[in-house]
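Here is the structure we will look at.
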Amino acid sequence: MMDGGHIDTRGEGTGPERGLPGAFVVSLDFELRWGVRELCHGPDSYLRNVLGAREAIPRILDLFERYGIRATWATVGFLFASTKEEMRRFWPSTQPRYADERLNPYADPTGDDEASDPANFAASLVDRIRETPGQDIGSHTFSHYYCLEEGNSRESFAADLECAVAIARNRGIELRSLVFPRHQFNADYTDTIRDFGFSSFRGVDPSWVYRPCPESARTHPAKRGIRMLDRYVHVAGSRTLDFASIQRADGLCNVAATHFLSPFQPKLARFGELFRRRITDDMDRAARNGRMVHLWWHPHNFGTHLEANLAMLEGLLTHYERLNGRYGFQSMSMDDVACRVKL
């Protein structure tokens with residue numbers, strides 16, 4: 001596992017915490033248009049998914065409440081605002097100077113408020129998440145900041161996190177968990193993360209397929225193909241996380257992702273059971289061996305084919321419920337994990 005945290009690829013695992021139950025960790029990257037800006041041009045664009053996320057989020061929250069699921073919602077700071085005026089009041093004085101200007105969100109036009117621009121503002125949804133039992137609101141940085149793209153800097157990253165913390169605190173929310181946009185973890189910035197009160201982040205598998213990298217490398221066809229295959233078959237073996245190695249030497253907790261909840265696609269529907277078993281097999285191993293499975297996705301992944309996606313999610317939550325009853329398998333947010341390993 002990247003700088004702390006070890007994903008077991010041997011099958012059953014070693015049960016490093018005898019007497020302590022395993023955990024089912026869930027995190028969502030709540031970003032709306034800010035995370036997929038390049039895909040949202042034109043009436044038939046991905047904007048349909050983004051707007052569909054506004055319907056999906058309350059339905060997901062209802063399922064979480066029904067099954068007792070605790071989850072981290074890593075939220076882009078812009079979304080905490082209900083108006084353009086509020087958002088711009090928190091803009092940093094030091095902004096990233098990306099070599100690729102298309103990555104700069106500060107140049108984007110927006111509407112005046114959430115009612116007129118529901119793709120870019122989401123204060124009402126943040127409130128809905130906060131009001132649901134067991135939900136923890138984390139950070140996806142203030143501006144969907146890219147830590148590995150040319151033109152980013154320590155100074156602009158620190159300014160970004162400062163604004164993320166400030167706009168969340170303005171709504172009475174203290175941020176403790178961080179998810180790097182596009183998983184662009186930058187090891188040089190760990191002291192900055194700690195300085196702003198974060199105790200955990202979501203890392204990734206260290207293999208070359210998942211290793212943090214700039215977007216141009218992440219979207220290489222070979223990487224995309226292997227990542228797709230790994231969703232359905234055990235290309236990298238079993239994927240469960242050892243609690244004993246989550247806490248890093250620098251004090252941060254790397255609550256690494258193990259499984260992406262790939263959205264329903266009609267052309268791949270025939271592989272749905274294979275995909276489900278890929279996850280539930282590892283949930284079984286984690287429950288039996290005191291280990292962790294960390295499932296993540298974006299709300300906008302459910303923005304189309306909502307009923308099929310909710311059915312897929314509920315199937316996994318039903319499986320969690322069975323494992324909870326049989327093994328004491330626990331639902332945890334990222335912050336819950338950090339608190340457990342620091343005891």
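If you're wondering where the values come from, they're calculated on a predicted model, not measured in any experiment.
Between Phe90 and Phe142, the gap from one ring centroid to the other reaches at least 6.0 Å. Proximity of the aromatic rings of Tyr145 and Phe157 is defined here by a centroid distance below 6.0 angstrom, and this criterion is met. In this structure, His259 has its ring center at least 6.0 angstrom away from the ring center of Trp297.
The CG atom of Asn309 sits 4.5 Å away from atom CZ of Phe302, with the distance rounded to the nearest 0.5 Å. To the nearest 0.5 Å, the span separating OG1 on Thr72 from CG on Asp136 amounts to 4.5 Å. Expressed to the nearest 0.5 Å, how far CD1 of Ile167 lies from CG of Leu79 amounts to 9.0 Å. One finds the CE atom of Met292 at 9.5 Å from the CE atom of Met332 (value rounded to the nearest 0.5 Å). A distance of 11.5 Å separates NZ in Lys342 from CD1 in Ile246, rounded to the nearest 0.5 Å. With rounding to the nearest 0.5 angstrom, the CD atom of Glu174 is 10.0 Å from the CZ atom of Phe198.
Checking side-chain atoms of Asn104 against main-chain N and O of Tyr106 turns up a donor-acceptor pair under 3.5 Å. Of the possible polar contacts, one joining the Thr83 side chain to the Glu86 backbone as a donor-acceptor pair under 3.5 Å is found. Of the possible donor and acceptor atoms, one in the side chain of Gln184 sits under 3.5 Å from a partner among the backbone N and O of Leu148. The backbone N or O of Phe329 sits less than 3.5 Å from a side-chain atom of Asn324, completing a donor-acceptor pair. Although no hydrogens or angles enter the test, the distance criterion places a donor-acceptor pair under 3.5 Å between the side chain of Asn301 and the main chain of His298. Put simply, the side chain of Ser177 never gets that close to the backbone of Gly138: no donor and acceptor are under 3.5 Å apart. Remark: the backbone N or O of Thr258 is paired with a side-chain donor or acceptor of Arg239 at under 3.5 angstrom. Without hydrogens or angle criteria, Thr75 side chain to Trp73 main chain gives a donor-acceptor distance under 3.5 Å. In this structure a side-chain-to-backbone donor-acceptor pair under 3.5 Å is missing from Asn170 to Ala166. Put simply, the side chain of Ser333 gets close to the backbone of Asp336: a donor and an acceptor are under 3.5 Å apart.
Salt-bridge formation is detected for the pair Arg54/Glu114: a Lys NZ or Arg NE/NH1/NH2 atom is positioned less than 4.0 Å from an Asp or Glu carboxylate oxygen. With salt bridges taken as basic N to acidic carboxylate O contacts below 4.0 Å, one links Arg202 and Asp29. The residues Glu273 and Arg276 are annotated as salt-bridged, a charged nitrogen and a carboxylate oxygen being separated by less than 4.0 angstrom. Salt bridge status for Asp108 with Arg37: present, with a side-chain N to carboxylate O gap under 4.0 Å. Ion pairing between a basic and an acidic side chain is recognised when a charged N comes within 4.0 Å of a carboxylate O; Glu38 and Arg182 show such pairing. Using a 4.0 Å cut-off between charged side-chain N and carboxylate O, Asp282 and Arg285 make a salt bridge.
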**Item:** CA sep, side-chain torsions, deciding dist, call: Tyr320, Tyr67, ring-ring contact (aromatic ring centres under 6.0 Å, His included)
**Value:** CA-CA 9 Å; Tyr320 156 75; Tyr67 287 91; 8.2 Å; no
**Prompt:** Taking it one step at a time, do Leu317 and Ile69 satisfy side chain to side chain contact (heavy atoms under 4.5 Å, CB included)?
**Reply:** CA-CA 8 Å; Leu317 300 188; Ile69 298 299; 3.8 Å; yes
**Message:** Determine whether Leu252 and Gln247 satisfy the following criterion, side chain to side chain contact (heavy atoms under 4.5 Å, CB included), listing intermediate values before the conclusion.
**Reply:** CA-CA 6 Å; Leu252 288 172; Gln247 186 163 6; over 6 Å; no
**side chain to side chain contact (heavy atoms under 4.5 Å, CB included) evaluation trace for Ser82 with Arg171** = CA-CA 11 Å; Ser82 57; Arg171 292 196 170 273; 3.7 Å; yes
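No side-chain N or O of Ser124 forms a donor-acceptor pair with one of Asp127 less than 3.5 Å apart.
By the rule that hydrophobic residues join a cluster once side-chain heavy atoms approach within less than 4.5 Å of another member, Trp296 and Phe264 end up as members of separate clusters. Phe24 and Phe260 fall within the same hydrophobic cluster, where Ile, Leu, Val, Met, Phe, Trp and Tyr residues are linked whenever their side-chain heavy atoms come under 4.5 Å apart, directly or through other members. With hydrophobic clusters built from ILVMFWY side chains whose heavy atoms lie under 4.5 angstrom apart, Leu323 shares a cluster with Ile279.
Counting only residues at least two apart or in different chains, salt bridge (Lys or Arg N to Asp or Glu O under 4.0 Å) contacts with residues 158-167 are absent. Identified under the salt bridge (Lys or Arg N to Asp or Glu O under 4.0 Å) test for residues 185-196, with sequence neighbours left out: Arg154-Asp191. Pairs engaging residues 313-328 under the salt bridge (Lys or Arg N to Asp or Glu O under 4.0 Å) rule: Arg66-Glu314 [sequence neighbours left out].
Listed by chain and number, the residues in a salt bridge (charged side-chain N to carboxylate O under 4.0 Å, His left out) with Arg102 are Asp100 (sequence neighbours excluded). Annotation: side-chain hydrogen bond (donor to acceptor under 3.5 Å, both in side chains) contacts of Arg97 (sequence neighbours excluded): none. Tyr46 pairs by the ring-ring contact (aromatic ring centres under 6.0 Å, His included) definition with His300, not counting sequence neighbours.
By the 4.5 Å heavy-atom criterion applied to side chains, Leu63 and Leu310 are counted as neighbours. Proximity of Phe78 to Pro105: side-chain heavy atoms (C-beta onward) are separated by under 4.5 Å at one or more points. Looking at Tyr189 and Leu161, their side chains never come closer than 4.5 Å, going by heavy atoms from C-beta outward. Taking 4.5 Å as the limit, every side-chain heavy atom of Thr240 sits out of range of all side-chain heavy atoms of Asn289. The closest side-chain heavy-atom distance from Phe121 to Phe80 is not below 4.5 Å. When side chains are defined from C-beta on, Ser27 counts as touching His294, because their heavy atoms get closer than 4.5 Å. Taking the side chain as every heavy atom from C-beta outward, Ile173 and Leu175 approach each other to under 4.5 Å. Contact annotation: the side chain of Asn120 approaches that of Asp117 to within less than 4.5 Å [non-hydrogen atoms, C-beta and beyond].
Closest heavy-atom contact between Ala115 and Pro118: O-CD, 4.1 Å. Summarising the geometry of Val204 relative to Ala256, their closest heavy-atom pair is N-CB, 4.4 Å, with the distance given to 0.1 Å. The heavy-atom pair separating Val76 from His140 by the smallest distance is N-CB, 3.7 Å. What you find for Ile129 and Gln135 is that their closest heavy atoms are O-CB, 3.5 Å. Of all the heavy atoms in Asn186 and Phe180, the pair that sits closest is N-CE2, 4.5 Å. Taking every heavy atom of both residues into account, Val25 and Met334 meet most closely at CG1-N, 4.2 Å.
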